[in-house]
There are 2 protein chains.
Amino acid sequence: MTQLDPLESAGLADSVRAAGLKVTAPRLAVLGMLQHAPHSSAEEVFAGVRNELPGTSVQAVYGVLAAFTFAGLVRRIDPASSPALFECRVGDNHHHILCVRCGDLKDVDCVIGAAPCLTPSDTSGFTVYAAEVTFTGLCEPCQKQLVLEGSADQ
Amino acid sequence: MTQLDPLESAGLADSVRAAGLKVTAPRLAVLGMLQHAPHSSAEEVFAGVRNELPGTSVQAVYGVLAAFTFAGLVRRIDPASSPALFECRVGDNHHHILCVRCGDLKDVDCVIGAAPCLTPSDTSGFTVYAAEVTFTGLCEPCQKQLVLEGSADQ
DNA sequence: CCTGTTGTTTTGAATAAGTCAAATCTAGAC
DNA sequence: GTCTAGATTTGACTTATTCAAAACAACAGG
């Protein structure tokens, strides 16, 4: 299943074309990869893409991700203190929740739906496009591990 | 006015001590710098600190900022695609507004006040500590520049 | 189907931001 | 005044990402 299924590939190609971009093998591979593994870093995407398209360069992946992000086909997430992540769930203004211990990142549906889902009281003259919301906390596995470590009094 | 005023210095020293950290010249300089210029990057802090304390190394500044952040004395902001910024306004759970064109960053008071000012509907098992909100948009100068460029049809 | 142009990808190098580690130094407790 | 944990310096290194020039390929038009 490392090969791209032709039906899926056709759908991906349409998305790429619809974004006004040329359809190429690296682009299909990157988009396919992101659908199977959202919240991937450039390196992770690169690793995945290499499986089906061994000749691909890291720079190509960075280029494709930049083009997709600019075209609005994927969304770039910049968590604090870790590489940028990419996802192709786009346009629904959803948010993210980040585990401060292990760095795990999950989607959180927006309560409002449309951007910006919040409006600041005083915008200092800014025109506000969107509100980027990132919740920080502890994921379930990390909570459990902390409890264990705590009871061991270590 | 590159020298630290002794009265101010005493207040800073108290803050540092209260955080359980040793009071040193680089630490006072960093904290003083952040009070005069909030939202400074490590490099900017370093440049400022050098003025009053020429022997200071960049690593010392990184170290001080890390210690302060860990102690809760300063807050670290990680805007997408630019170096981390630091501010010493802390504990009031305020947010930020970022200009997507020039990268300018301003404070925005939180409507709610206490963290987390928002709560996600489905936390995926996470324990949520805080909601990091960053508004993105265009600052006033950038809006004007875009209008000018637009009317020049360039 | 063939060709040309424009946009992509490769190759290779460079950068910015930050981290690590060992040796030296010093603030503050005693 | 002395001692020790913690801070700072020095210097190298890593990670994530970007830049630039040359080779290549998608797809519009003939």
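A note on names: the letters A, B, ... follow the listed sequences, proteins ahead of strands, and every chain is numbered from 1. As the structure is a computational prediction, the values presented were derived from the model and not from experiment.
- No contact: Ala67(A) has no heavy atom under 4.0 Å from any strand.
- Comparing dT17(D), dC27(D), dT9(C) by their closest approach to the side chain of Val23(A) singles out dC27(D).
- Atom OH of Tyr62(B) and atom C1' of dT15(D) are 13 Å apart (whole Å).
- Not one side-chain nitrogen or oxygen of Arg27(A) sits closer than 4.0 Å to the OP1 or OP2 atom of dA26(D).
- For the pair Leu53(B) CG and dC25(C) P, the computed distance is 17 Å after rounding to whole Å.
- The interatomic distance linking Leu85(B) (CG) with dA17(C) (C1') rounds to 12 Å, in whole Å.
- Across all strands shown, Gly55(B) has heavy atoms under 4.0 Å from sugar-phosphate atoms exclusively, and none from any base.
- Within 4.0 Å (heavy atoms only), Thr56(B) reaches sugar-phosphate atoms of the nucleic acid but no base atom.
- Although no hydrogens or angles enter the test, the distance criterion places a donor-acceptor pair under 3.5 Å between the side chain of Gln143(B) and the main chain of Gly125(A).
- Between Thr24(A) and dA25(D), a side-chain N or O to OP1/OP2 separation shorter than 4.0 Å is absent.
- Leu31(B) and Leu73(B) make their closest contact through CD2-CD2, 4.4 Å (heavy atoms, listed as atom of the first residue, atom of the second, distance).
- In this structure, Ser81(A) and Ala60(A) both approach DNA chain C, and ranking their closest nucleotides by distance from the 5' end singles out Ala60(A).
- The residue Val64(B) sits close only to the backbone: its heavy atoms come under 4.0 Å of sugar-phosphate atoms, none of a base.
- Atom C1' of nucleotide dT18(D) and atom CZ of Phe70(A) are separated by 17 Å, given to the nearest angstrom.
- Here dA17(C) is the nucleotide among dT8(D), dT11(C), dA17(C) with the atom lying nearest to any side-chain atom of Pro83(B).
- From Thr136(B), atom OG1 reaches atom CG of Leu105(B) across 11.5 Å, with rounding to the nearest 0.5 Å.
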Assess the residue pair Arg17(B) and Asp14(B) against the criterion (side chain to side chain contact (heavy atoms under 4.5 Å, CB included)); give the C-alpha distance rounded to whole Å, side-chain angles, the decisive distance to 0.1 Å, and a yes or no.
CA-CA 5 Å; Arg17(B) 225 184 313 271; Asp14(B) 287 344; 4.0 Å; yes
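- Between the CD atom of Gln59(A) and the P atom of dA23(D) there is a distance of 17 Å, rounded to whole Å.
- Contact check, Arg17(A) against dC27(D): a side-chain N or O comes under 4.0 Å of OP1 or OP2.
- Side-chain atoms of Arg27(B) come within 3.5 Å of backbone N or O of Lys22(B) as a donor-acceptor pair.
- Distance Asp14(B) CG to dA27(C) P: 17 Å, rounded to the nearest Å.
- One can place CG of Leu28(B) at 14 Å from C1' of dT8(D), the figure rounded to the nearest angstrom.
- If you measure from atom CD of Glu44(B) to atom C1' of dG18(C), you get 16 Å, rounded to the nearest angstrom.
- Between Arg76(A) and the phosphate of dT17(D), there is a side-chain N or O to OP1/OP2 separation shorter than 4.0 Å.
- When each of dT8(D), dA16(D), dA5(D) is scored by its nearest atom to the side-chain atoms of Lys22(B), the top-ranked nucleotide is dA5(D).
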